[in-house]
Amino acid sequence: MPDRSSRSRTAQRASRHTPRRARPALTAAATGALAAAAVLAFSPTAQAADTLGGAAAQHGRYFGAAVAPHLGETDYESTLNREFSSVVAENAMKWDATEPSRGQFNFSGGDQLVAYAQQHGKFVRGHALVWHAQQPGWVQGLTGDNLRQAMRNHIAGVAGHYKGKIDSWDVVNEAFEWDGSRRQSNLQQQLGNGWIEDAFRAAKAADPKAKLCYNDYGTDGINAKSDAIYRMVKDFRARGVPLDCVGFQSHLASNSDLSTYRQNLQRFADLGVHVQITELDVGGSGAAQANVYRQVTQACVAIARCNGITVWGVTDKYSWRAQETPLPFNSSYQKKEAYGAVLAALNSAAS
Ligand code: 9MR
């Protein structure tokens with residue numbers, strides 16, 4: 001059984017590397033208020049936060065959402081403002097959006113989101129520097145060194161532009177097949193196995209402080225695909241390739257088998273990398289859906305190096321799987337049972 005003692009949780013908190021609020025020096029005048037606050041702090045009910053971002057922050061984690069261009073919609077923006085402490089562009093920072101012609105960068109969508117995040121004190125995840133999908137047309141026909149140069153230049157341009165503003169970058173997205181082999185993308189076929197580490201090195205040079213992640217789906221347990229990624233991460237760590245985190249997309253269903261979900265996250269964390277749930281959504285409704293959300297949240301909060309969860313959208317209304325109503329807010333921005341399950345799991349990790 002996992003060790004759930006408070007001692008272990010304290011140790012876990014201490015070993016996380018997420019930013020904390022600065023503590024102001026105490027004055028004598030503050031003593032009374034402090035005593036009152038201390039009483040509140042030790043009362044279990046007073047600890048419960050009432051937003052996802054607030055509840056995650058109690059143990060140094062973020063709770064984020066993927067954002068599409070709907071910030072002008074009042075309910076969309078107010079839900080995002082209130083509940084989420086991190087944002088990621090659902091599409092605006094991908095290769096097709098940011099470099100539609102070779103060497104001509106367009107940062108308009110990404111810049112808007114970063115400005116929004118800075119105004120509202122939210123973390124930003126960057127997604128995704130190199131991916132076989134959503135490549136602009138001009139990339140698709142490149143061969144050999146020409147493609148290698150284009151990839152390096154793209155990473156330098158985009159990660160360089162956002163240098164210092166991104167908490168974690170998905171440097172490489174979805175490079176493996178279900179059976180654990182490398183996906184036969186243009187990158188793989190033209191550049192061979194070395195392209196992934198090449199991409200991480202280029203990202204490190206462009207933004208040395210961002211956490212650099214490998215991100216994939218279908219890695220929701222111990223399986224051939226997660227085994228292959230595990231071997232790659234282990235090898236990168238051993239050889240000093242700059243990889244800091246692994247993103248588990250977690251596009252799930254209400255009947256997904258999560259029996260080895262946590263164990264899988266833990267084995268990656270044990271390699272010394274951060275793990276993050278990066279694109280969580282769960283098709284379904286009611287208790288079955290809520291139960292999957294609860295298990296995923298509990299798995300993350302049980303692992304010291306799991307430093308945040310992102311859901312893939314703010315509301316069912318704009319989800320890429322809208323028909324499956326996969327998010328914690330319904331299409332009218334009402335909280336669903338899944339919302340309550342996540343909030344409770346985040347809060348109980350703080351008590
Ligand atoms: O949600 C994104 C959708 O709006 C785009 O049309 C699609 C294009 O491929 O990408 C979706 O986001 C994907 C993400 O970038 C990577 N993991 C899978 C996500 C869902 O397809």
Side-chain angles (χ1 to χ4, degrees), residues 64-71 73 76 79-80 84 86-100 106-110 112-114 124-137 139-140 151 154-155 158-159 162 166-178 182-188 196 199 203 212-220 223 225-226 229 245-253 256 275-284 292-293 296 308-329 331:
V67 178
H70 305 294
L71 279 175
E73 188 177 318
Y76 186 96
T79 305
L80 184 64
F84 297 98
S86 171
V87 292
V88 59
E90 187 168 346
N91 289 298
M93 289 195 194
K94 292 172 180 174
W95 201 337
D96 59 351
T98 51
E99 198 183 359
N106 178 350
F107 296 118
S108 54
Q112 263 176 34
L113 186 63
V114 170
V124 184
R125 294 197 83 259
H127 173 84
L129 291 171
V130 193
W131 188 23
H132 66 277
Q134 285 180 279
Q135 292 180 358
V139 173
Q140 292 166 28
M151 180 186 84
H154 178 71
I155 294 170
V158 178
Y162 291 112
I166 304 290
D167 179 69
S168 306
W169 258 117
D170 292 333
V171 176
V172 171
N173 197 37
E174 303 176 3
F176 285 83
E177 297 285 1
W178 290 103
R182 286 289 186 88
R183 182 189 291 276
Q184 289 304 309
S185 63
N186 58 336
L187 298 151
Q188 182 69 27
I196 299 186
L212 304 178
C213 305
Y214 176 80
N215 189 51
D216 216 326
Y217 64 87
T219 49
D220 313 307
N223 57 36
K225 186 169 181 175
S226 64
I229 296 166
C245 42
V246 179
F248 298 81
Q249 294 185 10
S250 307
H251 292 294
L252 299 169
S256 291
V275 295
Q276 303 180 1
I277 315 302
T278 50
E279 304 184 14
L280 178 62
D281 55 10
V282 182
V292 173
Y293 267 103
V296 170
I309 300 176
T310 299
V311 288
W312 203 242
V314 173
T315 156
D316 285 343
K317 184 176 179 183
Y318 298 123
S319 164
W320 72 296
R321 325 162 57 182
Q323 318 272 315
E324 297 174 82
T325 61
L327 292 167
F329 288 93
S331 56

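When a ligand or atom number is given, it counts from 1 through the structure's own listing order.
For atom 11 (C) of ligand 1, the closest non-hydrogen atom on the protein side is Lys94 NZ, 3.7 Å. Residue, atom and distance of the protein heavy atom nearest to atom 2 (C) of ligand 1 are Glu90 OE2, 3.5 Å. Nearest protein neighbour of atom 14 (C) of ligand 1, counting heavy atoms only, is His127 NE2, 3.4 Å. Distance from atom 6 (O) of ligand 1 to its nearest protein heavy atom, with residue and atom name: Asn91 OD1, 4.3 Å. Protein heavy atom closest to atom 7 (C) of ligand 1, with residue, atom name and distance, is Gln134 OE1, 3.7 Å. Protein heavy atom at the shortest distance from atom 17 (N) of ligand 1 is Glu279 OE1, 2.7 Å.
Residue contacts with ligand 1 for Trp312 involve side-chain atoms from C-beta outward but no N, CA, C or O (heavy atoms, distance under 4.0 Å). Under 4.0 Å from ligand 1, the heavy atoms of Asn173 that appear belong solely to its side chain.
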Requested in this report: Could you go through the side-chain contact (heavy atoms from CB on, under 4.5 Å) check for Thr315 and Thr79 one step at a time?
Outcome: CA-CA 9 Å; Thr315 156; Thr79 305; over 6 Å; no
Report task. Starting from the C-alpha separation in whole Å, work towards a yes-or-no answer on side-chain contact (heavy atoms from CB on, under 4.5 Å) for Leu252 and Leu280. Result -> CA-CA 7 Å; Leu252 299 169; Leu280 178 62; 4.1 Å; yes
Query - Intermediate values then yes/no, side-chain contact (heavy atoms from CB on, under 4.5 Å), Trp320 and Glu279 - result: CA-CA 11 Å; Trp320 72 296; Glu279 304 184 14; over 6 Å; no
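Within a 6.0 Å radius of CD in Gln184, more than 12 heavy atoms belonging to other residues, nucleotides or ligands are found.
If you number the atoms of ligand 1 from 1 as listed, the ones under 4.0 Å from a heavy atom of His251 come out as 18 (C), 19 (C).
For Trp178, there are no side chain to side chain donor-acceptor pair (under 3.5 Å) partners at least two apart in sequence or on another chain.
By the 6.0 Å and 45° rule, Lys317 does not stack over the aromatic ring of Phe329.
The nearest pair of heavy atoms linking Ser319 to Pro326 is OG-CG, 3.3 Å.
Closest heavy-atom approach to atom 21 (O) of ligand 1 among the candidates Tyr217, Trp131, Tyr318, Trp320: Trp320.
Where the criterion is an N or O separation shorter than 3.5 Å, residue side chain and backbone included, Gln249 meets it with respect to ligand 1. Taking only nitrogen or oxygen atoms, main chain and side chain alike, Glu174 reaches within less than 3.5 Å of ligand 1.
In summary, the side chains of Ser226 and Asn223 do present a donor paired with an acceptor at a separation below 3.5 Å, with no hydrogens or angles considered.
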